[in-house]
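Read through the structure below, which is laid out as structure tokens, and then see the notes.
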Amino acid sequence: MPASPSTARAINDRLALRLLQQEGPLTAGRLKQLTGLSRPTVADLVERLTAAGLIAVVGEAGEQRRGPNAKVYGIVADRAHLAALDVRTEGVAVAVADLVGRVLAEASVPIGGDTGTGPAVEQAVTLVERVAKEAGADRLHTVGIGAPGLIDPSSGELRDSTGLPEWHRRLVATLQDRLPEARVSVENETNLAALAEQRDGAARDRDTFVLLWLGHGTGAAVVLDGALRRGSSGGTGEIGFLPVPGTSALPTSTDCEGGFHSLASAAAVVDLAAACGVPVTAGQEPSVVGVVRAAAAVMREAVGRAGRVPGAVPPDRMPEAASGVVPPGRVSETASGVVPPGRVSEVASGVVPPGRMPGVASGAVSTGRTPGVEPGAVSTDRVSGVTSGAVPAEQMPGVAAGAFPLGDPDPAARFLDALADRLAVGVASVVAILDPGCVVLGGEVGQAGGEELAARVQDRIARMTPLPTEVRATTLGGGAVLRGALLTARDRAQEELFTPGEPPPRPSPGW
């Protein structure tokens with residue numbers, strides 16, 4: 001059955017608006033090419049959308065033809081303003097953008113754990129109002145909120161969750177009261193991060209993937225065939241409650257201690273770093289992001305130095321390793337390009353294994369000439385601190401002098417290996433059930449670990465499951481939540497404003 005004239009117009013209008021949103025300003029001629037519509041049809045829809053206040057002339061195209069230049073049409077960006085919130089247990093971040101998603105102002109405020117519910121809510125709402133004013137928005141059309149915890153799929157409200165501050169739930173209702181004309185909605189933070197990674201981040205080429213969120217706590221988001229899956233109760237991805245080996249107890253319905261959370265939460269990762277010989281800053285609470293980032297930086301620097309030392313032999317060049325270095329077949333595949341401690345089970349006679357080299361941080365073995373060292377061997381008493389990728393503590397990015405003592409074994413490599421072992425337990429469980437083909441290590445910790453951590457996790461997953469799985473590091477980090485909230489707010493605002501029907505009212509002078 002053919003579409004009615006009004007339905008056809010509605011479809012054409014939406015198509016043109018989506019193209020303008022995706023491509024930016026376009027001429028009527030370019031819209032004709034992209035839509036395949038006739039010139040009169042395009043002229044009609046341009047007239048309708050202009051009359052509705054949704055598009056306007058934003059310039060002229062300098063086309064090489066006779067006659068006047070073609071008008072360029074674009075979406076009226078200030079037709080509506082949007083706000084996005086990233087709500088954490090320790091504070092809130094806010095961004096305000098226009099209808100096409102261009103951020104106009106943003107800010108954040110810490111909220112201490114001892115702050116009362118009322119004052120905490122007031123701090124957050126005041127921040128939203130202040131950022132909106134700085135962006136020049138006297139009215140917010142749509143507000144998207146990302147928060148930890150479960151979202152009730154029937155009501156769309158944040159459910160009461162043990163361990164989360166009460167002000168989180170109060171914030172949504174208060175924002176709606178203070179912004180009565182705004183459309184306020186809340187979504188799980190990890191789900192929003194997955195949306196951002198799919199649109200703008202590490203999963204742009206994937207319709208199916210899992211995001212493993214690594215921050216203060218843990219979480220996961222599942223995207224299958226391009227659609228976010230929430231589950232019947234909104235709990236898809238609550239991986240912190242996953243029972244795993246290596247914990248002293250089982251999780252309960254109200255406490256994820258004993259689950260995967262016990263292995264991968266911020267506190268657990270900091271404890272693991274200390275156990276691996278990675279010292280933390282004295283006198284203050286250690287930063288899990290700082291510890292992971294420093295360890296990854298050490299390994300990157302080690303790889304770089306190994307590549308610059310004459311004679312250094314990376315694993316991919318060892319099919320016929322020089323005699324007296326690392327025998328063929330003894331090097332497990334690594335993405336880092338060096339041989340980490342504990343991965344070489346034997347070395348040729350007369351050569352000291354990497355794990356016994358007090359001066360070698362990376363475990364790489366050099367076949368070249370190090371001052372005072374014979375070719376094909378490594379001397380443990382003549383290495384001053386830089387050989388085959390060793391990095392002096394004072395030269396390690398982000399690490400205070402002496403923070404990573406060079407010794408046996410290298411604490412940075414051992415820490416990242418141990419962390420990858422833990423993460424692989426959770427990732428392998430997800431892979432066995434969903435077979436996503438791709439897992440993104442997200443959040444601040446996933447970003448801090450970068451490719452050094454992702455490669456280690458992928459190496460372990462390849463040995464634990466027959467299902468091919470690529471492990472990637474986030475490209476958005478902790479900012480993915482705010483980005484996802486903004487994308488969601490923009491989609492909802494455009495969905496409403498771009499819906500054909502009676503032309504929406506013109507904005508008031510102050511809007």
Side-chain angles (χ1 to χ4, degrees), residues 86-90 111 113-117 120-121 145-173 185-194 210-224 227-272 288 419 421-436 439 441-446 481 484:
D86 178 5
V87 179
R88 305 289 181 97
T89 55
E90 68 278 7
I111 297 178
D114 57 349
T115 305
T117 299
V121 170
I145 304 172
L150 299 176
I151 308 299
D152 190 318
S154 60
S155 66
E157 296 179 353
L158 187 64
R159 290 168 52 182
D160 187 14
S161 300
T162 303
L164 295 178
E166 174 63 22
W167 65 267
H168 282 195
R169 297 182 70 243
R170 288 272 300 276
L171 174 61
V172 179
S185 62
V186 61
E187 177 61 273
N188 174 265
E189 59 176 355
T190 308
N191 287 344
L192 291 178
V210 169
L211 172 72
L212 178 61
W213 179 266
L214 302 171
H216 179 73
T218 58
V222 178
V223 176
L224 301 179
L228 181 68
R229 307 297 180 176
R230 295 179 174 83
S232 62
S233 64
T236 296
E238 286 296 316
I239 197 172
F241 286 89
L242 178 71
V244 293
T247 60
S248 58
L250 291 174
T252 69
S253 61
T254 59
D255 190 356
C256 57
E257 288 299 327
F260 182 66
H261 175 86
S262 296
L263 299 182
S265 68
V269 173
V270 169
D271 289 344
L272 177 65
V288 61
L419 179 56
D421 288 339
R422 290 188 174 191
L423 298 181
V425 172
V427 172
S429 300
V430 170
V431 168
I433 296 173
L434 298 175
D435 186 20
V439 175
L441 302 185
E444 292 88 352
V445 175
V481 177

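All of these numbers come straight from a predicted model, not from anything done at the bench. We count residues from 1, following the sequence as given.
- Side-chain contact between R230 and N191: present, with at least one pair of heavy atoms (C-beta onward) separated by less than 4.5 Å.
- With sequence neighbours left out, the side chain to side chain donor-acceptor pair (under 3.5 Å) criterion links D152 to S154.
- Between T89 and H216, the shortest heavy-atom contact is OG1-CD2, 4.3 Å.
- The shortest non-hydrogen separation linking W213 to E444 is CZ2-OE1, 3.8 Å.
- With rounding to the nearest 0.5 Å, the separation of CZ in F260 from OG1 in T218 is 6.0 Å.
- Put simply, CG on L419 and CG on L214 are 7.5 Å apart, with the number rounded to the nearest 0.5 Å.
- In terms of the side chain to side chain contact (heavy atoms under 4.5 Å, CB included) criterion, residue partners of S233 (sequence neighbours excluded) are, by chain and number, R159.
- Expressed to the nearest 0.5 Å, how far CG of L158 lies from CD of E187 amounts to 10.5 Å.
- A side-chain contact (heavy atoms from CB on, under 4.5 Å) with V186 is found for one member of L171, L192, I145 and no other, namely I145.
- Inter-residue side-chain proximity for L272 and R422 is flagged as met; some heavy-atom pair is nearer than 4.5 Å.
- When all heavy atoms are compared, the tightest approach of P436 to V431 is CD-CA, 3.9 Å.
- Listed here is the closest heavy atom pair of E189 and P148: OE2-CB, 3.4 Å.
- Shortest non-hydrogen contact noted between S232 and P153 is O-CG, 3.3 Å.
- The CG atom of L263 sits 11.5 Å away from atom CG of D271, with the distance rounded to the nearest 0.5 Å.
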Kindly list each side-chain donor-acceptor pair under 3.5 angstrom involving residues 238-247, sequence neighbours excluded, with atom names and distances?
| from | atom 1 | to | atom 2 | distance (Å) |
| --- | --- | --- | --- | --- |
| T247 | OG1 | V244 | O | 3.3 |
| T247 | OG1 | A249 | O | 3.1 |
| T247 | OG1 | G258 | O | 2.9 |

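- Heavy atoms only, all atoms of each residue included: W167 and I111 are closest at CH2-CD1, 3.8 Å.
- Under a 3.5 Å cut-off, the side chain of R229 and the backbone N or O of V222 do not form any donor-acceptor pair.
- Remark: of the listed residues V210, L212, D435, V210 is the sole one forming a side-chain contact (heavy atoms from CB on, under 4.5 Å) with V430.
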